[in-house]
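Because the structure is a prediction, the values reported are computed rather than measured. Proteins get letters first, then strands, A, B, ... in listed order; numbering begins at 1 in each.
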Protein chains: 2
Amino acid sequence: MGVRKAKAAETRTALLDAARRLFAERGYLNTKITDITKEAGRATGSFYEHFTSKDELLQALLQGMEDRADELVDTAVHPREHDLTDRAQLRQHLAVSWTVFREHAPVVSALFQAMIAAEPGSGRAWNDLVGETGILKQHLEYSAEQGKALPGDPELVAAAIGAMLAMLGYAVNSARGREFDDDAVIDTLTDLLHSGLAGPRD
Amino acid sequence: MGVRKAKAAETRTALLDAARRLFAERGYLNTKITDITKEAGRATGSFYEHFTSKDELLQALLQGMEDRADELVDTAVHPREHDLTDRAQLRQHLAVSWTVFREHAPVVSALFQAMIAAEPGSGRAWNDLVGETGILKQHLEYSAEQGKALPGDPELVAAAIGAMLAMLGYAVNSARGREFDDDAVIDTLTDLLHSGLAGPRD
DNA sequence: GTCTATACAACGATAGAC
DNA sequence: GTCTATCGTTGTATAGAC
């Protein structure tokens with residue numbers, strides 16, 4: 001890679017880093033393009049040499065997050081035949097989601113804000129929620145086929161679980177003056193969703 | 001009340017109605033003050049005679065919603081001694097929340113959007129969530145005192161349930177081309193939270 | 001109280017020099 | 001590719017006539 005391109009890549013990275021930093025502080029919606037260039041120490045015009053909009057930059061951040069090929073989310077080895085009525089398997093799924101949220105908080109929170117800010121009439125909130133919980137839905141359908149009695153429609157149950165994770169993750173992430181033990185949270189959610197409020201707890 | 005005041009009240013009401021309508025269509029964040037006055041058929045300047053900001057108008061809408069003194073939420077007769085591990089009592093609580101969300105969707109959704117748009121650093125998301133689930137928390141604490149085994153810290157469990165309701169309600173509310181049977185949703189959530197995914201279902 | 005008109009700030013986006 | 005400078009739009013808020 002030539003020096004020219006290296007410089008460009010440097011600026012691009014600087015913009016991405018600055019954006020991530022600001023998204024964490026002020027949130028995606030409250031961060032303006034001019035804020036990002038300023039934070040990155042670049043001129044306003046330079047932004048458009050790398051991205052056409054704030055949303056595209058967000059997609060780039062998301063891409064970079066996925067590119068890290070988290071060992072956690074090994075989609076290759078993720079058969080439909082998972083049984084979420086099994087406590088260990090349920091916990092594993094919740095742990096992955098929760099960990100991703102915690103480790104990539106700026107990006108995930110930004111995506112969450114972008115989703116909420118969309119026009120209600122667009123149906124984006126529901127579509128995104130269903131899309132991101134597709135895996136859960138499949139597992140639940142599988143369990144249902146095995147004769148397990150579920151609380152209701154797999155799509156709805158999956159969406160409900162996804163909603164809990166997303167909103168709680170966002171809230172916990174914004175909490176100040178309050179410490180959270182991630183393992184304890186995951187255990188709590190696991191117990192709540194596995195056996196419910198009245199289920200057996202030993 | 002004089003004619004003068006009546007006219008003023010009329011404008012105020014027109015603004016509130018217009019706002020509610022637009023909040024439902026485009027969402028709170030995408031609705032501008034000028035949009036509201038335009039929709040209400042009033043001049044921009046008139047807005048500030050009644051409200052100092054869009055947020056204050058939202059508070060007024062919220063107030064009006066509470067003023068209807070929903071028979072549903074009879075806080076007067078709402079002792080701490082409710083047992084959410086009892087299926088019927090749990091369902092009752094979920095039904096109330098869900099119904100309020102569905103019947104006052106424009107206002108509740110707007111509040112949700114305002115909460116999410118706040119700076120993450122403000123901690124508003126967590127504070128609001130904890131505040132709105134205070135009742136649940138008290139019920140859970142009571143159950144714990146009665147020797148029931150809960151999934152975890154009452155505040156966290158209450159927040160998790162509140163998160164699920166808020167986000168799912170928002171998403172369902174935005175869904176297009178998808179019909180929801182409110183009773184079915186409430187039943188599903190009740191079963192999920194009462195007995196969990198693996199709990200007994202007859 | 002309501003209107004018209006307008007000041008003012010913020011922000012996105014582009015042009016042109018280097 | 002990056003910069004400075006600037007245009008144009010949008011939206012908040014106020015001034016002053018009626």
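Comparing atom distances between the Ile33(A) side chain and each of dA13(C), dC11(C), dT2(D) picks out dA13(C) as nearest. The side chain of Ala43(A) sits closest to dT4(D) out of dC11(C), dT4(D), dT4(C).
We find that NZ of Lys38(A) is positioned 10 Å from P of dC11(C), with the value rounded to whole Å. Spacing between atom CD1 of Ile36(A) and atom C1' of dA13(C) amounts to 15 Å, rounded to whole angstrom units. As a whole-Å value, the separation of Asp55(A) CG from dG12(C) C1' is 15 Å. Summarising the geometry, the separation between CD on Glu49(B) and P on dC18(D) is reported as 19 Å, rounded to the nearest angstrom. Across the protein-nucleic acid pair, Lys32(A) atom NZ and dG11(D) atom C1' stand 12 Å apart, rounded to whole Å. The interatomic distance linking Tyr48(B) (OH) with dT6(C) (P) rounds to 18 Å, in whole Å. Put simply, CG on Leu57(A) is 16 Å from C1' on dC11(C), counting in whole angstrom units. Across the protein-nucleic acid pair, Phe47(B) atom CZ and dC3(C) atom P stand 14 Å apart, rounded to whole Å.
Of the side-chain N and O atoms in His50(A), one or more sit less than 4.0 angstrom from OP1 or OP2 of dT2(D). OP1 or OP2 of dG1(C) has not a single side-chain nitrogen or oxygen of Ser46(B) nearer than 4.0 Å. For the OP1/OP2 pair of dT2(D) and a distance below 4.0 Å, the side-chain nitrogens and oxygens of Thr11(A) include at least one atom meeting the criterion.
A side-chain donor-acceptor contact under 3.5 Å links His139(A) to the backbone of Arg80(A). One N or O on the side chain of Lys54(B) and one on the backbone of Tyr28(B) form a donor-acceptor pair closer than 3.5 Å. Side chain of Gln113(B) to main chain of Ile116(A): a donor-acceptor pair is present (N/O by atom type, distance under 3.5 Å, no hydrogens or angles). Remark: the backbone N or O of His82(B) is not paired with any side-chain donor or acceptor of Gln89(B) at under 3.5 angstrom.
Here Thr34(A) lies in heavy-atom contact (under 4.0 Å) with sugar-phosphate atoms only.
At a threshold of 4.0 Å, the pair Lys38(A)-Asp35(A) does not count as salt-bridged, since none of the basic side-chain nitrogens sits closer than that to a carboxylate oxygen.
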